[in-house]
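Input: a single structure, listed below in structure tokens.
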Amino acid sequence: MSQAAAVELVDIWKRFPGVVANAGANLRVERGTVHAVLGENGAGKSTLMNVLSGVYRPDEGEVRLDGTPQRFHTPADALAAGIGMVHQEFRLVPSFTVAENVVLGSAERILRRQDVEARVDEVARRFGLATEPDRPVWQLSMGERQRVEILKSLWRDARILILDEPTAVLTPNEADELGEVLRHMADDGRSVIFISHKLHEVTGFCDVATVLRGGETVAASLPVAETDAATLANLMVGSTSLAGERPPYRTPGEVRLAVSGLCALDDRGLPALHDVDLEIRSGEIVGIAGVAGNGQRELAQVAAGLRGSTAGSVHLDGKDVTSAPPRRRFGLGLCYIPEDRIGVGLAPRLSVVENAVLRTYKGHRRGPFLVGSRLTAYCRDLVERFGVRTGALGDPIAGLSGGNLQRLLVGRELSGRPDVVVAAQPTRGLDVQGVKAIQDLLVAERDAGTAVLLISEDLDELLTLADRLLVMHEGRIVAAFDPMDSERSVIGEAMAGHLADEGAA
Ligand SMILES: Nc1ncnc2c1ncn2[C@@H]1O[C@H](COP(=O)(O)OP(=O)(O)OP(=O)(O)O)[C@@H](O)[C@H]1O
Ligand SMILES: [Mg+2]
């Protein structure tokens, strides 16, 4: 009577040196459903998806599709069996068009460019994926790039689509659009596996949820309609959830970071910042709200010295650092938590220890004198204080989960006792506890007298943490709010570029 499910992962075990990533995990996904896989950082979600998509072979356990046991040796095997995976790091060729990227590597040969574009467009429309097949990928936003990744899987006729934290890089609107695309795919009889830490997306987009904790399935196939966000959060952490409460606020001190008349260009050489003025005082968190791509990223980079300005100035503690390199700014007490942790922040091939001192080493010129044992002790302390879950400290950080990488990075930066913190999306992609841990750290910094610039796409986070809230739109600061006394809808309007008081300012 019981019909075989589209996907069954049965009692999957996967061990890495020092870590059991999957410890008897189970997952059963039915046809025509959007299935959420939940769990805190390091719970084993990505590992389980890598088993399903042929990246890893499980140590034990079985993968079944429509009831038939499978043995995938490579991702290509899994793809041939109908499994498509949309990775968080997009694997697109920037100089190719959307259509070229979609068909790249697929067996099909279509000679005429217009035919390819027309067929890609047809598939895109069928699933409500708005794209322009003839545009080069480098011109596209994150949301658009992701749609190209999804199209690639649909082009290869994937019946099972895995999306690992797809909304982490999307704006709230793009995330909602993605939700609709997932629904189209399910209605078309496909199965979608959706990983996210944002519980409102799970309750909003998904039919069923499976929760992992410590590599095991602790709740299997819960109907979303019969549960709620609080229940899911409790299942993930295994204890009562953490209610956000606004920390008390004291009068700020002197100006630490001052930006005046700042203009800068983006990666494409187009104006990204227009005449930005900003002052952050000791003991305050100034939040920057805005839809991604409105200059927030460039503002953080110019403040940290990683991007040049075309006009205006940056002062740290009254000293003009407009053309000073990052190292000099770090020396003056600035710390920067970049939004892309791998690349700018961390070196994937180096060990946990090496990454933990990457910055201290440079900033304090202590490097050559840091002996092995002291280094290890320093690193062990950091890992403990900031709750980084890792195997051996000498192993490369490439094996850490996304959230644990972020904790390591934030811990390293904050342990340098900064005077000014520039934090870009510091809690992106973290689970409930990880978010709380990092938010607590930022508040503790503020209470110790640090000036904090917090850039976030999460309005709730800004409303909880910021003492003052500024909104950026098209490279300008267009509005300022008191987070204690502002309507979300009014802030949202400002984020969209609609200003209530046209006459003012
Ligand atoms: N290639 C690897 N080598 C060593 N350890 C690994 C490897 N991949 C994952 N791990 C470890 O296995 C555990 C599970 O990691 P996984 O990436 O599956 O977690 P996750 O649930 O996806 O977490 P996150 O929400 O932070 O992305 C973690 O402790 C991680 O450090
Ligand atoms: Mg993961």
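Atoms within each ligand, like the ligands themselves, are counted from 1 in listed order. Residue numbers start at 1 and run along the sequence shown.
Judged by distance alone, with hydrogens and angles left aside, the side-chain atoms of Asp440 form no donor-acceptor pair with the main-chain N or O of Ala437 at under 3.5 Å. In terms of modelled atom types and a separation under 3.5 Å, the side chain of Thr217 and the main chain of Asn26 share a donor-acceptor contact.
Contact annotation: for Glu40 versus ligand 1, heavy atoms closer than 4.0 Å belong to the backbone alone.
Taking 4.0 Å as the cut-off between side-chain N and carboxylate O, Arg297 and Asp266 do not count as a salt-bridged pair. Using a 4.0 Å cut-off between a side-chain N of Lys or Arg and a carboxylate O of Asp or Glu, Lys45 and Glu165 do not qualify as a salt bridge. Using a 4.0 Å cut-off between charged side-chain N and carboxylate O, Arg28 and Glu30 make a salt bridge. Between Asp157 and Arg190, at least one side-chain N (NZ, or NE/NH1/NH2) sits under 4.0 Å from a carboxylate O, which counts as a salt bridge. A salt bridge links Arg159 to Asp66: at least one charged side-chain nitrogen sits closer than 4.0 Å to a carboxylate oxygen. Remark: Asp188 does not engage Arg183 in a salt bridge, criterion side-chain N to carboxylate O under 4.0 Å.
For atom 14 (C) of ligand 1, the closest non-hydrogen atom of the protein is Gly42 O, 3.4 Å. Looking only at protein heavy atoms, the nearest one to atom 29 (O) of ligand 1 is Val19 CG1, 3.5 Å. Lys45 NZ, 2.8 Å is the protein heavy atom nearest to atom 25 (O) of ligand 1. The closest protein non-hydrogen atom to atom 1 (N) of ligand 1 is Tyr56 OH, 3.3 Å. The single protein non-hydrogen atom nearest to atom 16 (P) of ligand 1 is Thr47 OG1, 3.6 Å, given as residue, atom name and distance. Here the heavy atom of the protein found nearest to atom 27 (O) of ligand 1 is Glu165 OE2, 3.5 Å. Ranking the protein heavy atoms by distance from atom 8 (N) of ligand 1 puts Phe16 CE1, 3.4 Å first. Nearest to atom 30 (C) of ligand 1 among the protein's heavy atoms is Gly399 O, 3.4 Å.
Atom numbering of ligand 1 starts at 1 in the shown order; those under 4.0 Å from a heavy atom of His197 are 25 (O). Each of the atoms 12 (O), 13 (C), 14 (C) of ligand 1 lies under 4.0 Å from some heavy atom of Ala21.
Ligand 1 has no N or O atom lying under 3.5 Å from any N or O atom of Gly39, backbone or side chain.
Distances from ligand 1 to the non-hydrogen atoms of Leu400 include at least one value under 4.0 Å.
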Residue pair Glu354, Ser351: steps toward the side-chain hydrogen bond (donor to acceptor under 3.5 Å, both in side chains) verdict:
CA-CA 5 Å; Glu354 285 164 315; Ser351 69; 3.1 Å; yes
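Counting backbone and side-chain atoms alike, Thr47 contributes no N/O/S atom closer than 2.8 Å to the Mg ion (ligand 2).
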